[in-house]
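Structure first, then comments.
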Amino acid sequence: MRSTITVIKEQISSFYLIRRLSLFEVKSNNNNNYLGMAWEIINPLIQLAIYWFVFGLGIRGGEDVDDIPFAIWMISGMSIWFFINQSLLEGSKSIYTRINFISKMSFPMSVIPSYVIFSKFYGHLLLVFIIAFVLQFVGYPVSPYMLQLPYFMICTLALLISISLITSTLATIVRDVQMIVTSIVRMLLYLSPLLWVPEGTIQKIMMMNPMYYIIEGYRSALLGTSWYFIEQANLTLYFWGLVIILFIIGSALHVKFRSHFVDYL
């Protein structure tokens, strides 16, 4: 628990630094692109069009999902996937790819995965705003259910930071971990309710994936269907219990090995 408290204190005391570094990360990543940060939106939109064509028109033949057009159902869930996908991949390699940068500055290493994740969060906010705006014109206007959206954003950040503390530490020690993370993230696209509707036993198994809670929560908020975190109270408790366990494990690993990170390079 001492490691957990240490990491929490570092996150709180370095919040201003996290914000500054995350903004710098966004600018540096898009510095050589003519369209700049616009690619943070263009790329997801292109992928959404491909997924809709393959899964919506091709596999499902344009069939609705619970009386919701497949395209609407898909983009409301996929709105969070791009953020999760980028954050898991970049968060896992955040420490060992920035070790030279780390050695020149004095700040807690635990903030590195956090600011990398936050750098992806800005593009996510813009994408969600665009999707919410589009939904206004296709029969899904802003509703009181939208108030739960910030809550699910916090859920997502908490989960991603907890996982990245584990993966970034392990990937610094053993590079193969990065390849494992990449493979798992690819599978998560199809092991989450993003492109198809799970039923029966498969759905119950899939609900163990914490992404399930976040994705369905986003859908409920954007489409205005329910107060998901209240109606699925058991799932809410399971999610936060899992996040706490992952954060404790990640904090313990990070604090134990961070003084030796340079030795593993």
Check: P141 and L135 side chains under 4.5 Å, non-hydrogen atoms
no
Can a donor-acceptor pair be found, under 3.5 Å and without considering hydrogens, that links the side chain of Q136 to the backbone of V142?
yes
Please round to the nearest 0.5 Å and tell me the distance separating atom NZ of K93 and atom OG of S168.
13.0 Å
Kindly say whether M179 contributes a backbone atom to a donor-acceptor pair with the side chain of S183 at under 3.5 angstrom?
yes
Taking side chain as C-beta onward, heavy atoms only, is L170 less than 4.5 Å from V174?
no
What residues form a ring-ring contact (aromatic ring centres under 6.0 Å, His included) with Y16, not counting sequence neighbours?
none
Answer with yes or no whether the hydrophobic clustering places I5 together with I244; edges join I, L, V, M, F, W, Y residues whose side-chain heavy atoms lie under 4.5 Å apart.
no
Would you sort out whether L189 and W81 count as a side chain to side chain contact (heavy atoms under 4.5 Å, CB included), showing the intermediate values?
CA-CA 8 Å; L189 175 63; W81 169 249; 3.6 Å; yes
F118 versus R19: any side-chain heavy-atom pair under 4.5 Å?
no
Donor-acceptor contact present, side-chain S76 to main-chain W73, <3.5 Å:
yes
Treating Y212 as the side-chain partner and P193 as the backbone partner, does any N or O pair qualify as donor plus acceptor under 3.5 Å?
no
Show the nearest heavy-atom pair for residues A171 and S92, with the distance to one decimal.
CB-O, 3.3 Å
Between S94 and I112 the two heavy atoms that sit nearest each other are O-CG2, 3.5 Å
CZ of F247 to CD1 of I166: how many Å apart, nearest 0.5 Å?
10.5 Å
State, with a plain yes or no, whether a side-chain heavy atom of H254 is found less than 4.5 Å away from one of I95.
yes
Any ring pair (Phe, Tyr, Trp, His ring centres under 6.0 Å) involving residues 150-188? Give me the pairs, sequence neighbours left out, ordered by first then second residue.
Y151-F229, F152-Y213
Please report the C-alpha distance between Y122 and S22 in whole Å, then the side-chain angles of each, then the deciding distance to 0.1 Å, and finally whether the side chain to side chain donor-acceptor pair (under 3.5 Å) criterion is met.
CA-CA 9 Å; Y122 303 121; S22 63; 2.7 Å; yes
Test of understanding: clusters of I, L, V, M, F, W, Y form through side-chain heavy atoms closer than 4.5 Å, transitively. Do M74 and F133 belong to the same one?
no
A quick test of your reading: do over 12 heavy atoms of other residues, nucleotides or ligands sit less than 6.0 Å from CG of L147?
yes
Would S114 and Q11 count as a side chain to side chain donor-acceptor pair (under 3.5 Å) here? Give the steps.
CA-CA 8 Å; S114 300; Q11 301 294 314; 2.6 Å; yes
Please name the pair of heavy atoms, one in I131 and one in S79, separated by the smallest distance, quoted to 0.1 Å.
CD1-CB, 3.5 Å
Measure up the Y218 and H124 rings against each other and bin them: parallel (under 30°), tilted (30 to 60°), perpendicular (over 60°).
tilted
Would you name the heavy atoms of Y115 and I18 that are closest together and state the gap between them?
CB-O, 3.6 Å
Same cluster or not: are I184 and L195 linked, directly or through other Ile, Leu, Val, Met, Phe, Trp or Tyr residues, by side-chain heavy atoms under 4.5 angstrom apart?
yes
Answer yes or no on whether R175 is positioned over the face of Y96, meaning its NZ or CZ is under 6.0 Å from the six-membered ring centre and within 45° of the axis.
yes
Give a yes or no on whether the backbone of G217 and the side-chain of Q148 come within a donor-acceptor separation of less than 3.5 Å.
no
Ignoring hydrogens, what is the shortest heavy-atom contact between G91 and V116? Give both atom names and the distance.
N-CG1, 4.3 Å
So how far is it from I215 CD1 to M206 CE, rounded to the nearest 0.5 Å?
9.0 Å
For the residue pair Y145 and L223, establish whether any side-chain heavy-atom pair is separated by less than 4.5 Å.
no
Single-linkage hydrophobic cluster, 4.5 Å side-chain cutoff, L237 and Y228 together:
no
Members sharing F129's hydrophobic cluster, built from side-chain contacts under 4.5 Å between Ile, Leu, Val, Met, Phe, Trp and Tyr, are none
Supply the atom-to-atom distance L253 CG to I249 CD1, rounded to the nearest 0.5 angstrom.
7.5 Å
If Ile, Leu, Val, Met, Phe, Trp and Tyr residues are connected whenever their side-chain heavy atoms lie under 4.5 Å apart, and connections chain through other members, are L127 and F137 in the same group?
no
Shortest non-hydrogen separation from W227 to P144 and the atoms involved
CH2-O, 3.0 Å
To the nearest 0.5 Å, what is the distance between CZ on R186 and CG on L89?
8.5 Å
Step by step, work out the side chain to side chain contact (heavy atoms under 4.5 Å, CB included) result for I117 and I161.
CA-CA 7 Å; I117 290 171; I161 291 173; 3.9 Å; yes
I want to check something: taking the side chain as every heavy atom from C-beta on, are L88 and M211 in contact at a cut-off of under 4.5 Å?
yes
Side chain to side chain, P210 and V243, heavy atoms closer than 4.5 Å
no
Drop me the distance from S119's OG to L21's CG, to the nearest 0.5 angstrom.
10.0 Å
Validation row: M153, V128 side chains within 4.5 angstrom (heavy atoms)
yes
